[in-house]
Chemist: 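Mind looking over this structure? Questions follow.
First the proteins, then the strands, lettered A, B, ... as listed; each starts at 1. This structure is a prediction, so every number in the text was calculated from the model and none was measured. All values below come from the heavy atoms of this structure, side chains included, with hydrogens, waters and symmetry mates left out.
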Amino acid sequence: MSLKNLRTHYTVQIDPDEVSDQKVTISGWVHEVRDLGGICFVVIRDRDGRAQVTLVKKKIDRELFNFARKLVRESVVTVTGSVKGEGKAPNGYEIIPDEISVLNEAESPLPMDTTGKVDAELDTRLDSRFMDLRREKTHAIFRIRHVILQAIRTYFTAEGFIETTSPKVVATATEGGTSLFPITYFDREAFLNQSPQLFKQIMMSGGLDRVFEIGPIFRAEEHDTRRHLNEATSIDMEASFMDHFDVMEILENMIAYVYSQVIENATPSLEALGIELKVPETPFRKVPYSEAVDIVNAAGEEQMVWGDDIGTQSEHTIGESVFKETGESHYFITDWPTEIKPFYAMPYENDPLISKSFDMMHRTMELSSGAQRIHLHDMLRSRIEGQGLDPDAFEFYLKTFKYGMPPHAGWGLGCERLVMTMLGVDNIRDVVLFPRDRRRLSP
RNA sequence: GUCCGAAUAGUGUAGAGGCCUAUCAUGGAGCCCUGUCGAGGCUCCGACCCGGGUUCGAAUCCCGGUUCGGGCGCCA
């Protein structure tokens, strides 16, 4: 007998008008037991919802009644019974059981509450993430995350992009800037890759033309904030015969599409979180870096000189300023000083001090950064040298620029940041199943 | 890395030197209860992070440690 027989319906698939008085079998967790004496309600929870099992003492087998009222919360059970339309029941129906069997009884006390009656701190929830995932709100986040990722794949595919994967174990410290995790690769030292950047570009020389990748990136920074992880998910794209404006357009349209898909396909999850989403308006406002500096200096809380990187406080100042003006949370900061961007960002021909680079911001944090890339071998090599890196270590990369590299552009977008800004989640750890940060390596 | 803050039942909390035999909620055990949906009522169970110190007396004050949270830095 297949275990599939343990479920004829998910709880949400039961339509009392259709299956009234029919037998169904549902399986899931005992969410709550409410014993009122003469009547007992057992709430069964599965992935998509809940169903009420009702036992009236006088109308049901005494043994079954006593068994039901002693069920231990969060045990896994299978219930077979008949469906009865009932206005007083939560979904308009209840199940009158013939049989209840416990597949696996839960211990008690539970490491945390799953019903929403008592809060638990993030650290407690992450220590017992399996139990935390049984909470409606946590579950909703990961259902939405799935819809987001699915929408991104649909969008890229429709735009002619090919999904690729690049190696996470690499020999060279790729772009510089960030620290890498060293690992042992047989008898050699290797690193966990900080970004698919160099490989995306190599694929442009390979003629794949438009690629995207959704995958893990690793940063060994000892940062300790609500918006950083040491293992994150990067959504990356690269496209040939495009400049930075072209890929900014792809980015903003993708964001708008993803929001609209979440609204359309994740309604119950949004409701569970109490969120009303609005699709961001495109095109996003473009603020040149020099204008951003002026905004910061005019606000007076921090003073910047041209060429400084933009700090957290300043990011907020600019974000609020744009929001006041446009009512929109998303915007671009464009035309960054070449010196504070990675070596592969293309400088403007008429003003090489600034580059064809951009960051895509949410009012609260940076979401994405991208640029038109340098596709000329000699210029790229001297930029690598100029940043104090060893060009010989980049030979596998530089080589691909010598034999026909088209002009190209691309960006990387932080998946977790996209999710958290969309859902108004304060801590990035909330939107990753098993976050890896400075301190946490388990579960 | 740095600055600030916190640590009390399984979970979330109250607590400002003697009011603490430590509050409340949730939970667990038991009893009552026929329409609950954060069910309700009654009884019981369960905790002061670790180590030093101050004091007649410390959950409370001080020092050190550990762990956690937040800001900043670094970064996406």
Side-chain angles (χ1 to χ4, degrees), chain A residues 31-43 45 50-60 65 69-70 72-74 84 86-92 94 106-128 131-132 135-136 175-180 194-197 216-236 302 309-316 340-342 358-362 364-370 411-418 420-421 426-429 437-440:
Chain A
H31 187 68
E32 274 183 302
V33 179
R34 271 191 282 275
D35 177 12
L36 275 67
I39 188 166
C40 176
F41 303 102
V42 178
V43 179
R45 185 189 68 242
R50 293 179 210 150
Q52 176 169 290
V53 176
T54 303
L55 301 96
V56 178
K57 196 175 187 175
K58 282 183 181 167
K59 294 187 186 169
I60 206 151
F65 185 85
R69 52 189 286 268
K70 293 291 174 198
V72 178
R73 289 164 70 235
E74 295 304 324
K84 194 180 130 209
E86 172 56 71
K88 284 180 276 190
N91 304 323
E94 58 193 12
E107 281 185 26
S108 105
L110 302 167
M112 54 176 288
D113 167 65
T114 58
T115 63
K117 284 181 203 166
V118 186
D119 285 339
E121 289 187 5
L122 181 60
D123 202 49
T124 306
R125 294 197 284 114
L126 291 178
D127 281 341
S128 300
M131 185 71 55
D132 182 41
R135 294 167 70 235
E136 195 176 27
E175 308 168 34
T178 194
S179 322
L180 303 186
Q194 69 178 93
S195 138
Q197 179 62 31
I217 55 169
F218 303 90
R219 308 274 164 104
E221 297 291 336
E222 298 198 2
H223 39 48
D224 195 5
T225 77
R226 294 183 302 167
R227 57 186 188 285
H228 290 93
L229 291 166
N230 294 293
E231 179 180 5
T233 309
S234 183
I235 298 157
D236 268 88
E302 277 187 312
D309 206 349
I310 298 178
T312 308
Q313 169 88 52
S314 301
E315 265 180 17
H316 293 158
I340 57 174
K341 279 290 167 187
F358 60 88
D359 281 4
M360 196 272 283
M361 312 292 296
H362 180 270
T364 51
M365 73 187 79
E366 177 183 342
L367 293 186
S368 168
S369 69
W411 43 254
L413 166 68
C415 173
E416 285 78 21
R417 290 188 173 188
L418 175 62
M420 70 189 288
T421 51
D426 287 332
N427 196 313
I428 197 165
R429 295 161 181 86
D437 62 29
R438 177 80 188 86
R439 299 188 175 102
R440 184 173 287 277

Chemist: Which residues pass the ring pair (Phe, Tyr, Trp, His ring centres under 6.0 Å) test with A:His362, not counting sequence neighbours?
Modeler: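 A:His362 satisfies ring pair (Phe, Tyr, Trp, His ring centres under 6.0 Å) with A:His330 only.
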Chemist: Considering only side-chain heavy atoms of A:Leu229, which listed nucleotide, B:C37, B:C72, B:A76, is closest?
Modeler: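 Closest nucleotide among those given: B:A76.
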Chemist: Rounded to the nearest Å, what distance is computed from the NE2 atom of residue A:His362 to the P atom of nucleotide B:A76?
Modeler: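 Value for this atom pair: 19 Å.
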Chemist: Respond yes when some side-chain nitrogen or oxygen of A:Arg219 is under 4.0 Å from OP1 or OP2 of B:C74, and no when none is.
Modeler: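 For B:C74, OP1/OP2 do not have a side-chain N/O of A:Arg219 under 4.0 Å.
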Chemist: Mind listing the closest non-hydrogen atom pair of A:Ala120 and A:Arg125 along with its distance?
Modeler: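 Result for this residue pair: O-NE, 3.6 Å.
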Chemist: Tell me yes or no: between the side chains of A:Thr114 and A:Glu74, is some donor less than 3.5 Å from an acceptor?
Modeler: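 Present: a donor and an acceptor within the cut-off.
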Chemist: Is the phosphate of B:G12, meaning OP1 or OP2, less than 4.0 Å from a side-chain N or O of A:Thr124?
Modeler: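 For B:G12, OP1 or OP2 has a side-chain N or O of A:Thr124 closer than 4.0 Å.
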Chemist: Closer than 4.0 angstrom, basic N to acidic O: yes or no for A:Asp359 and A:Lys341?
Modeler: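 Yes, charged N to carboxylate O under 4.0 Å.
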Chemist: So does A:Lys70 get a side-chain nitrogen or oxygen closer than 4.0 Å to the phosphate oxygens (OP1/OP2) of B:G30?
Modeler: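 Checking A:Lys70 against B:G30: at least one side-chain N or O falls below 4.0 Å of OP1 or OP2.
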Chemist: Can you say whether a donor on the side chain of A:Glu94 sits under 3.5 Å from an acceptor on the base of B:G35, or the other way round?
Modeler: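 Per atom types, the contact qualifies.
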Chemist: Please check the phosphate of B:G71 (OP1 and OP2 only) for any side-chain N or O of A:Arg226 closer than 4.0 Å.
Modeler: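 Looking at the OP1 and OP2 atoms of B:G71, one of them is under 4.0 Å from a side-chain N or O of A:Arg226.
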Chemist: Using a 4.0 Å heavy-atom cut-off across all strands, classify A:Gly116 as base, sugar-phosphate, or nothing.
Modeler: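 Counting heavy atoms under 4.0 Å across all strands, no contact is made by A:Gly116.
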Chemist: Tell me: CE of A:Met365 to P of B:G70, nearest whole Å?
Modeler: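 Between P of B:G70 and CE of A:Met365: 12 Å.
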Chemist: Could you tell me whether A:Lys59 contacts a base, only the sugar-phosphate backbone, or nothing, with contacts defined as non-hydrogen atoms closer than 4.0 Å?
Modeler: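 The answer is nothing, as A:Lys59 stays clear of every strand by at least 4.0 Å.
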Chemist: What nucleic acid atoms does A:Thr115 come within less than 4.0 Å of, heavy atoms only: base, sugar-phosphate, or nothing?
Modeler: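 Since no nucleic acid heavy atom lies under 4.0 Å of A:Thr115, the category is nothing.
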Chemist: Tell me, for nucleotides 44-49 of chain B in 5' to 3' order, what letter each nucleotide earns: B for a base near a protein heavy atom under 4.0 Å, S for only sugar-phosphate near one, - for neither?
Modeler: ------
Chemist: By nearest nucleotide on RNA chain B, pick out whichever of A:Leu36 and A:Glu231 is the more 5' one.
Modeler: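 On the 5' side of the pair lies A:Leu36.
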Chemist: All N/O contacts under 3.5 Å from nucleotides 1-10 of chain B to the protein, with atom names and distances to one decimal?
Modeler:
from, atom 1, to, atom 2, distance (Å)
B:G1, OP2, A:Glu222, OE1, 2.6
B:G10, O2', A:Leu110, O, 3.1
B:G10, O2', A:Pro111, O, 3.4

Chemist: Any idea which of B:G73, B:A76, B:U13 is nearest the A:Thr312 side chain?
Modeler: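 In terms of side-chain proximity for A:Thr312, the closest of B:G73, B:A76, B:U13 is B:G73.
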Chemist: Quick one: label A:Ala120 by what it contacts on the DNA or RNA (base, sugar-phosphate, nothing), any heavy atom closer than 4.0 Å.
Modeler: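 Contact class for A:Ala120: sugar-phosphate only.
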Chemist: Has the side chain of A:Gln52 got a donor or acceptor atom sitting under 3.5 Å from an opposite partner on the base of B:U36?
Modeler: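 When only heavy-atom distances are counted, A:Gln52 does reach the base of B:U36 through a donor-acceptor pair under 3.5 Å.
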Chemist: How far does the C1' atom of B:U67 sit from the matching atom of B:C49, given to the nearest Å?
Modeler: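 That atom pair is separated by 8 Å.
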Chemist: Of the nucleotides B:G30, B:G70, B:G35, which one has an atom closest to the side chain of A:Val56?
Modeler: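 So the nucleotide nearest the side chain must be B:G35.
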Chemist: Could you tell me whether A:Arg73 contacts a base, only the sugar-phosphate backbone, or nothing, with contacts defined as non-hydrogen atoms closer than 4.0 Å?
Modeler: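 Since only primed, P, OP1 and OP2 atoms lie under 4.0 Å of A:Arg73, the category is sugar-phosphate.
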Chemist: Kindly say if A:Asn427 contacts the phosphate of B:G69, meaning a side-chain N or O under 4.0 Å from OP1 or OP2.
Modeler: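 No.
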Chemist: What nucleotide among B:C72, B:A76, B:G12 has an atom nearest to a side-chain atom of A:Asp119?
Modeler: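 Output: B:G12.
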Chemist: Closest approach to the side chain of A:Ala89, judged atom by atom: which nucleotide of B:U36, B:A76, B:G71 is it?
Modeler: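 Side chain of A:Ala89 sits closest to B:U36.
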Chemist: Contact class for A:Ile217 (heavy atom, under 4.0 Å): base, sugar-phosphate, or nothing?
Modeler: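 No contact.
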